[in-house]
Amino acid sequence: MSAFEPVYAIVRTIPPGRVMTYGQIAKGLERPLSPKAVGWAMSQCPDDVPWHRVVDAKGTCSRDRADPSGRQTQRRRLEREGVAFDAKGRLDLEALRFHPPRG
DNA sequence: CCATTGACGAAGA
DNA sequence: TTCTTCGCCAATG
């Protein structure tokens, strides 16, 4: 099993149509990591994690280097949940950012 | 152990 | 607003 389960646990709490950023997750952890570490964790997340609900701090989709198609997949999945993107391919973080309970 | 890479973030120009 | 630079933690060679 992965040592990043706390990261996956948080991502799994994000409801459909909502998003979180890598940095937000990183700081929200009981034992905080760097946003890069969270990105690495997500790169090998299990299949039951809604990875598409995690975007960068600018509200844009990620992964355009490893798998160019993945970026489209993420956007498609989010749009399917009702998330709207602007002309620059960004979403409204202030409105869509999910704030998980800390307990 | 050192250097490079990776689904990032904030600050400076 | 876009691009560059540095910092960050973990994995890989």
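The basis for the numbers below is simple: all heavy atoms, side chains too, and nothing from hydrogens, waters or symmetry mates. Sequence lines set the chain letters: A, B, ... in the order given, protein chains first and strands last, and positions in each chain run from 1.
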> 5'-most contact on DNA chain C: A/Arg90 or A/Trp40, nearest heavy atom basis?
Replying inline: A/Arg90
> Please give, in whole Å, the distance from B/dA7 C1' to A/Arg75 CZ?
Replying inline: 17 Å
>> By the 4.0 Å heavy-atom rule, please label A/Arg31 as base, sugar-phosphate, or nothing.
In response: sugar-phosphate
> Checking A/Arg53 against A/Phe98: charged group under 6.0 Å from the ring centre and within 45 degrees of the axis?
Replying inline: no
> Among the clusters formed by ILVMFWY side chains lying less than 4.5 Å apart, do A/Ile25 and A/Val19 turn up in the same one?
Replying inline: no
> Hey, quick one: are A/Leu33 and A/Met20 part of the same hydrophobic cluster, counting side-chain heavy atoms closer than 4.5 Å, chains of contacts allowed?
Replying inline: yes
> Of all residues at least two apart in sequence or in a different chain, which pass the side chain to side chain contact (heavy atoms under 4.5 Å, CB included) check with A/Lys58?
Replying inline: A/Asp56, A/Thr60
>> As a quick check of understanding, evaluate side-chain contact (heavy atoms from CB on, under 4.5 Å) for A/Val11 and A/Trp51, giving each step before the final call.
In response: CA-CA 7 Å; A/Val11 176; A/Trp51 56 271; 5.7 Å; no
>> So, applying side chain to side chain contact (heavy atoms under 4.5 Å, CB included) with A/Arg97, which one of A/Asp92, A/Leu91, A/Thr21 is it?
In response: A/Thr21
Nucleotide N/O to protein N/O under 3.5 Å, stretch nucleotides 9-13 of chain B:
unit_1	atom_1	unit_2	atom_2	d
B/dG9	OP1	A/Gly23	N	3.2
B/dG9	OP1	A/Ala57	N	3.2
B/dG9	OP2	A/Ala57	N	2.6

> Side chains of A/Val55 and A/Leu93: does their closest heavy-atom pair fall under 4.5 Å?
Replying inline: yes
> Of all nucleotides in DNA chain C with an atom under 4.0 Å from a non-hydrogen atom of chain A, which is the first and which the last going 5' to 3'?
Replying inline: C/dC8 to C/dA11
> What's the verdict on side-chain contact (heavy atoms from CB on, under 4.5 Å) for A/Asp48 and A/Tyr8, showing C-alpha distance, side-chain angles and the deciding distance?
Replying inline: CA-CA 9 Å; A/Asp48 62 308; A/Tyr8 306 141; over 6 Å; no
